[in-house]
Structure formats: C-alpha cells, structure tokens
Enquirer: 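Let me begin by handing over the structure; questions about it come next.
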Amino acid sequence: MSFGARLSVVLGLLVVAVGLAVWGVVGFILPTPATVDFTSAQPSGAPVNLTVQTVGTIGFGAHPTWVSYLVKSPGGQWIHTTIWKVPAHTRINLTIEQFDSGSPLRNQQWGQVAGTLGGVETLNGNPISVYDSNSGNGVGHTFSIPTLGISVPLVGVPSTANNICSQAPCSAKTSVVNIIKASFMTPGPGDYPWQCFVPCGLGFLYGNGGPMSTLGYMGGFLDVVA
Ligand SMILES: [Cu+2]
C-alpha cells in the first residue's frame, strides 16, 4: 500500500471516529421526552385506559407552531410526551381526542383501521373499519404501531370551524373535536415504536420533517413491560 493510500485510510477512519463522537454527544445532550407510566394505574391484568390528544399547533415549548400528540397521565394531567409505559398482554382502551383538521390522504391505505379488537374504531360513537378521506373532513393523522400491525386513522374536524384549538392542552368543552376510540392487546415486553403516517409536518420537505421526525410530536414508543 502506498503512503498516499495509507494516509487516506487513516484520514477516513479519523472522520468516522469524529462523526461517531459527535453523534454520541449530540444524542446525549438532546432532551428525551418523559415517560408516562400506566403500569400501576389499575389492578394487574385489568384494561388500561390510555387517553391522548392531537393538536394542530401545540402552542408552547421549543416548537409552538408544530403539530403534536399529548397524553393524559393516570393522574389526569396532560403531558407533552409520546413515550408511554404499559403492561404486557393487557387490553388497552385507547381514546384519541382529535382536535386537528384533515385532508385527503396521499395513500388511501391509511384510511383503513387495522389491528384493533374487532377491526374497528369508533368515531364519535359510530364504529368504522375504513374511512374514505376524500369524503367529509379528510384524515389528519394516524396512530400506527407498524410492528404490531395496528393503525387507527384520525378523522379531521371541519377546517371551517371557528373554535379549532391552537393551544394545548385542548378541551372538548371549548374546541371542536372528534373522539376516536379503539382497543388493542399489548404483546410481550419490548419497545414498540409508534407514529403518525400522514405527512403532517407543514413547511417541511414533503411534510415528513419537523414534528414527523422528532420524538415527542408525531411519534414515540410504547414501552411494554412484564
Ligand atoms: Cu400527524
């Protein structure tokens, strides 16, 4: 190997080492959203009630204009995080308060309810197994856990409503809302990523940057424990 070749190998390895160091330090410094623990919220084996909300603009924090999920703690407090600890092999009764408007889906597949008990969600009390996003108010977000085959489309509120919430936490008493409910069973222990599949990151490339790619907004983890 010539001196030049050896030099470029060394320089190449140096670049990789520096890159890994920067990646590690940045990852360490970046804040991680808190975990809300639902494992002791009810007697062992009993269903867990998990209530979340979606809002078009969260109205506070580092990115007040971003779209986001929030979760209601077992104590009844709204918390801005997307990491939820739940017990394994347990029925989760999910309630999603959807305060955001919607639009026709780029991929109609995401109008399909999947992986829930009975293969349905209820939209303001009416069971549906699929939603045609080209009708009505379209779909704003999905709650999807790809590794579990679960997906719940969140039908949008009318974009013409004059009481659309723009400051979280939102209240169904004062803002237009769609209440979506679905139940599913948790699998064995593990960290299961969940996310929204509607490119709702307004102002970002193809709608997939910003809140769509930042933990704590349109994606998180279901931390399933034994
Ligand atoms: Cu979304």
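No experiment lies behind these values; they were computed from the predicted model shown. In what follows, residues are counted from 1 in the order of the sequence shown. Remember, it's 1-based here, ligands and their atoms both numbered in the order they're listed.
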Enquirer: Surrounding CD of Q42 (heavy atoms of other residues, nucleotides or ligands, distance under 6.0 Å), is the total greater than 12?
Expert: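 Counting other residues, nucleotides and ligands, CD of Q42 exceeds 12 neighbours.
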Enquirer: Protein N, O or S atoms at less than 2.8 Å from the Cu ion (ligand 1), how many?
Expert: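 That number is 4, waters not included.
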Enquirer: Are a donor atom and an acceptor atom from the side chains of S151 and Q112 found within less than 3.5 Å of each other?
Expert: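 No, no side-chain donor-acceptor pair sits under 3.5 Å.
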Enquirer: Could you tell me if T54 and Q98 have a donor-acceptor pair between their side chains, going purely by distance under 3.5 Å?
Expert: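 Distance-only check passes for Q98 and T54.
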Enquirer: Provide the closest heavy-atom pair for G201 versus P211 in the form atom of the first, atom of the second, distance.
Expert: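 Here G201 and P211 meet closest at CA-CG, 3.8 Å.
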Enquirer: Kindly write out the residues that satisfy ring-ring contact (aromatic ring centres under 6.0 Å, His included) with W110, not counting sequence neighbours, or none if the list is empty.
Expert: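 Residues passing ring-ring contact (aromatic ring centres under 6.0 Å, His included) with W110: F197.
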Enquirer: Between the side chains of N163 and S175, does any donor sit under 3.5 Å from an acceptor?
Expert: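 No, no side-chain donor-acceptor pair sits under 3.5 Å.
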